[in-house]
Participant: 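The structure under discussion is supplied below as structure tokens; questions concerning it will follow.
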There are 2 protein chains.
Amino acid sequence: MESKGVVPRDAAKSTKDRITETKVAMSTAHDLQHGPTALYGQVASIIRSQITGGTLRADDDLPPIEQLCERYGVSRITIRQAIQTLVAEGLLISRRGRRVTVAPQAGVSQADTFKDVVDPMSAPQDDHEITVLDRTDRVVLPEGVCFIGTPTASYVRLRKVHRSGGVPYCVMEMYVDQALFNRLPRGIERREKLAPFLIKRANPEIKVGRERIIVAAADFEEAQMLEYPMAGPVARMTRILCDPDGNAIYYGRFTYRGDRFGVEREQGPYVKQPWEQLRKSK
Amino acid sequence: MESKGVVPRDAAKSTKDRITETKVAMSTAHDLQHGPTALYGQVASIIRSQITGGTLRADDDLPPIEQLCERYGVSRITIRQAIQTLVAEGLLISRRGRRVTVAPQAGVSQADTFKDVVDPMSAPQDDHEITVLDRTDRVVLPEGVCFIGTPTASYVRLRKVHRSGGVPYCVMEMYVDQALFNRLPRGIERREKLAPFLIKRANPEIKVGRERIIVAAADFEEAQMLEYPMAGPVARMTRILCDPDGNAIYYGRFTYRGDRFGVEREQGPYVKQPWEQLRKSK
DNA sequence: TATCATTTGTACGTATGTATT
DNA sequence: GAATACATACGTACAAATGAT
């Protein structure tokens, strides 16, 4: 292939900078090159480094797309795709009718990020809200989901949304053994995180609780319920609690917003790893 | 304005045409509606349900975009955006010059997915490869990253890529105490996962290892190194190992492809947490 | 309360580059 | 080399949400 000379594309380049309102002290004309990296990728890189570098800060507005088009000498689609990329990365927020803004949590380092996340087993904050979407009694567990323990005859199925500070951070679907649920205080599902409650106070005793965690992209439904970009990163967790007889008295599937999820694990030489005690899942 | 209506596309059944071979028994004209849900969202929903429902199976080809345009009576951009969405969700793979295909791991249930993932501490498979990108001796740990333990005076900094079955699944940056590293077998960093090696065999003993895990979207660099869609979901893990004196003799930051990451945790009142089982001192 | 300008979201049509078959 | 098919990119238009008037 020929390393061809760059096609001169100075269409809108000479236009005077009319960008005066924005706080964004963006630097002067960037020279984008038609080449191996797509134009939208180059634009995204520039903006990304402005965010990580501190030129753009949390909650800052970006200039309108039209102005960015002029500035970089590219079309609207190109800018849009760059913005889309950064939205998916969690660095920008774009909403109809408003300016595109830098995400509140953008630019903080990874270590700091960990302060804002919600460990699934942590105690809820003061501003924690629980919404019960629906409840169905006397249902059976779906086939093949029980990776430890044996299902019981009958469950209560609950779907809930948890919010912190008004923002939903987790949607979940859980099955609680019907007999056990009937013994719990009335309305407890609206007041408490059930798994921590069961582990601390339930009768009969919980013998073992196990969680599997994977990461994925939010599907349409999850994105809507979590007020989160479609295909944004999420954590999916499956949790099972068993009683001393090996009955799975609790099964839950959780989807956490990626920006609000974090877990900590210990590793050490004297500890047998949980999965070494497991039967292999096929 | 009136939609042009879906052109029935049944005639083109030339023998050479492999398109008719696709198992896409796509139903007859789907009526998309201009309304609250965007057209591309409707298309994405249809295809998504075909995948999860089994009409489209892993490694199946989608019809060319042009044909999808005709089928749904929408333009190329609309189809592309639907495909993009599903690519970001990990359900489709789109490559230049080839048909869009259904991702190999698409359509399997969450529980099943867990068998393909790589627990960070698991033993490497036979087809496991390690590439050392670079090595720098006698460096100090970056400021403020050490969430447990105290940094030592000098580290070896390594950047590596791990592959399984030829596919990269993790990129990492790690710091190993210089003195400790000098005592390790030569070239061990190219042959072994260092943390498990240290935990099992190092001298002095590791007293405690702790991991923090969050989820995020792949940035440009990570996406390239992992051969993964930009902004695709990834897990980021930070791990620190300390010796009995509380010195952080190992610090590592890892980025895992979302489709290859999974961890398991135990929870329960009668199971001592790993760190509770640790010998407190020698 | 209603209207208007601004700004982004969605969508169409078209053209060209580039990788695969 | 040719045909196929996706990626990128331009220009344009209208819809919908927001904020200010």
Side-chain angles (χ1 to χ4, degrees), chain A residues 1-12 18-22 24 32-44 61-70 72-88 92-101 223 227 229-230, chain B residues 1-5 12 14 16-22 32-44 61-70 72-88 92-101 223 227 229-230:
Chain A
M1 79 171 153
E2 17 61 274
S3 63
K4 70 175 299 183
V6 175
V7 180
R9 72 161 12 274
D10 38 15
R18 303 197 298 104
I19 315 105
T20 48
E21 274 186 75
T22 61
V24 189
L32 304 187
Q33 315 226 329
H34 277 100
T37 21
L39 292 184
Y40 77 87
Q42 298 177 48
V43 175
D61 286 342
L62 252 63
I65 292 183
E66 295 304 329
Q67 291 186 23
L68 292 174
C69 292
E70 292 179 33
Y72 295 107
V74 295
S75 86
R76 190 169 169 176
I77 279 197
T78 307
I79 297 295
R80 256 191 60 75
Q81 197 157 359
I83 290 175
Q84 259 182 348
T85 304
L86 297 172
V87 167
L92 294 180
I93 295 173
S94 96
R95 290 161 292 198
R96 192 176 253 174
R98 301 194 213 173
R99 292 272 180 90
V100 174
T101 58
E227 298 171 14
M230 170 133 52
Chain B
M1 62 336 188
E2 180 44 51
S3 73
K4 58 177 72 169
S14 69
K16 181 180 186 273
D17 207 3
R18 298 183 51 103
I19 293 141
T20 56
E21 199 183 329
T22 56
L32 304 188
Q33 316 232 332
H34 280 99
T37 14
L39 291 185
Y40 77 87
Q42 298 178 47
V43 174
D61 286 341
L62 252 64
I65 292 183
E66 293 304 331
Q67 290 188 22
L68 292 174
C69 294
E70 293 179 32
Y72 295 105
V74 296
S75 87
R76 196 186 165 84
I77 276 197
T78 308
I79 296 295
R80 257 190 61 73
Q81 197 158 0
I83 290 176
Q84 257 183 351
T85 304
L86 297 173
V87 166
L92 294 180
I93 296 174
S94 98
R95 291 161 290 199
R96 197 174 250 176
R98 300 193 214 173
R99 291 275 180 83
V100 175
T101 58
E227 297 171 15
M230 169 132 56

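Keep in mind it's a predicted model, so treat the numbers as computed, not measured. What's counted below: heavy atoms across the whole structure, side chains too, no hydrogens, waters or symmetry copies. Residue numbers begin at 1 in each chain, while the letters A, B, ... track the order of the sequences.
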Participant: With sequence neighbours left out, what residues match A:Ala223 under side chain to side chain contact (heavy atoms under 4.5 Å, CB included)?
Facilitator: A:Ala218, A:Met230
Participant: I need the full list of salt bridge (Lys or Arg N to Asp or Glu O under 4.0 Å) pairs touching residues 73-82 of chain B, with sequence neighbours left out, sorted by first then second residue.
Facilitator: B:Glu66-B:Arg76
Participant: Polar pairs (N or O, both sides) under 3.5 Å between protein and nucleotides 16-18 of chain D?
Facilitator:
{"from": "D:dA16", "atom 1": "O4'", "to": "A:Arg96", "atom 2": "NH1", "distance (Å)": "3.1"}
{"from": "D:dA16", "atom 1": "O3'", "to": "A:Arg96", "atom 2": "NH1", "distance (Å)": "3.3"}

Participant: Give a yes/no answer on whether the side chain of A:Thr78 brings an N or O atom under 4.0 Å of OP1 or OP2 in D:dT8.
Facilitator: no
Participant: Of the options D:dA5, D:dT8, C:dT10, whose atoms approach the side-chain atoms of B:Pro64 most closely?
Facilitator: D:dA5
Participant: For the helix from C:dA2-D:dT21 to C:dT21-D:dA2, figure out the bend between the end axes, five pairs an end, and round to 10 degrees.
Facilitator: 20°
Participant: Holding to side chain to side chain contact (heavy atoms under 4.5 Å, CB included), I want the full list of residues that pass it with A:Ala44, two or more places apart in sequence or in another chain.
Facilitator: A:Arg48, A:Ala82, A:Leu86
Participant: Kindly say whether A:Gln81 contributes a backbone atom to a donor-acceptor pair with the side chain of A:Thr85 at under 3.5 angstrom?
Facilitator: yes
Participant: Once you apply a heavy-atom cut-off of 4.0 Å, does A:Arg80 come out as touching a base, just sugar-phosphate, or nothing?
Facilitator: base
Participant: Taking only the side-chain nitrogens and oxygens of A:Tyr40, find out if one of them lies under 4.0 Å from OP1 or OP2 of D:dT8.
Facilitator: yes
Participant: Sequence neighbours left out, what passes side chain to side chain contact (heavy atoms under 4.5 Å, CB included) with A:Arg98? Give chain and number order.
Facilitator: A:Arg95
Participant: Are side-chain heavy atoms of B:Ile77 and A:Ile77 found at a separation under 4.5 Å?
Facilitator: yes
Participant: Classify B:Leu39 by what it touches in the nucleic acid, base, sugar-phosphate, or nothing, heavy-atom distance under 4.0 Å.
Facilitator: sugar-phosphate
